[in-house]
Amino acid sequence: MIMDKENYEKILQSLKPGVRLVAVSKYKPLSDIRTVYDWGQRVFGENKAQEMRAKHPELPSDIEWHFIGHLQSNKIKYIAPFVTLIHSIDSFALLQEVDKVASRFQRVVPCLLQFHIAREETKFGFLRDEAERMLDSSSFADLKHVRVDGVMGMATFTDDVAQVRSEFAGLHEEFDYLKARYFSGKDHFKEISMGMSEDYRIAMDEGSTMVRIGSSIFGPRDYSLKLDDLVPAGQ
Ligand SMILES: *Cc1c(COP(=O)(O)O)cnc(C)c1O
C-alpha cells in the first residue's frame, strides 16, 4: 500500500460524523502532498517548523497547515504567519511565546493543549495540575494572540488496546473537566485531537474530533530524508 486514492477514500469513509482528518505529511515530498491535495485533502500536519515553513509557499494557498510536533520557542516565527492550528502546546512558557510572536504578525493563533496521557516518559505535555495553574493565572487571561481550542494527546505505543482506550478516555475527561471549569460557553473550545494510523478508530470511539493520520495515507516514512530532498532548494 503506497499512495492509493481508494485507500484514502476508505479512511475518509471510516471517519465518524464530525471527525476531521489531518493528513500528516512529515518526511513526505511536495509531490506526495500534491497528490493527496488533488484527491481533495486540504488539512495537512507537520511536526518540524523548518519543514512546514519550506513546504508552505510551494503548495496551494488553501491548505490548512496544522503543527503537531514539539515546538521550540526560537522556531515559532517560522510558522506563526500562516499556521492554522498548533496541536502541541506543551507548556505555559511555549503558549506565552506563541502569543508574543503571533502579536508581531497581528494574528490570533488557535492552539490545543497537549496532555501527557501515555505511560511513556518520552512524550510531552501538560498534567492537569499544571494546566490548571496556567488557566487560573492572570497572565493567561492577558494573552490576546492565542486562542485555546481544545486538547491533544498521544497514546502509548502498544498493542494493548485496553490501555490505549483508557488513555484516550482520560484525555476526553480532561477535555470535559476543562470545558466545564474554564471554557463553558466558549464555543471555540471543542477539539479533542487524538488518534493516529494505528489507533484512530479507538480514538474515535472515545470522542476524538480530529485524527492525525500519516503512514496509512502516505505509506511508510523514510527518516533518512533531509529537508533538501523534500523541498528542493530554488524550486
Ligand atoms: C507522525 C505523527 C502522527 C501520524 O502518525 P502515523 O502513525 O503515521 O499515522 C500523528 N501525530 C503526531 C503527533 C505525529 O508526530
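Counting starts at 1 for both ligands and their atoms, following the listed order. Quick note: numbers below take in every heavy atom, side chains included, and nothing from hydrogens, waters or symmetry partners.
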Looking at R212, K55, K26, which hits salt bridge (charged side-chain N to carboxylate O under 4.0 Å, His left out) with E46? K55
When the ring planes of F140 and F183 are compared, do they come out parallel, tilted or perpendicular, using 30° and 60° as the limits? perpendicular
Here's a test for you: under side chain to side chain contact (heavy atoms under 4.5 Å, CB included), which of V19, D205, I11 qualifies with Y200? I11
The criterion is side chain to side chain contact (heavy atoms under 4.5 Å, CB included); which residues satisfy it with D160, sequence neighbours excluded? T158, A162, Q163
Parallel, tilted or perpendicular, judged at 30° and 60°: which one describes the rings of H70 and F124? parallel
Do the numbers put R128 on top of the ring of F115, so that NZ or CZ is under 6.0 Å from the six-membered ring centre and no more than 45° off the axis? no
Between the protein and ligand 1, are there any N or O atom pairs that come within less than 3.5 Å of each other, and if so, what are their names and distances?
unit_1   : atom_1 : unit_2 : atom_2 : d
ligand 1 : 8 (O)  : S215   : N      : 2.7
ligand 1 : 8 (O)  : S215   : OG     : 2.8
ligand 1 : 8 (O)  : R221   : NH1    : 2.8
ligand 1 : 8 (O)  : R221   : NH2    : 3.1
ligand 1 : 9 (O)  : S197   : N      : 2.9
ligand 1 : 9 (O)  : S197   : OG     : 2.5
ligand 1 : 9 (O)  : G214   : N      : 2.8
ligand 1 : 11 (N) : R212   : NE     : 2.9
ligand 1 : 15 (O) : K26    : NZ     : 2.6

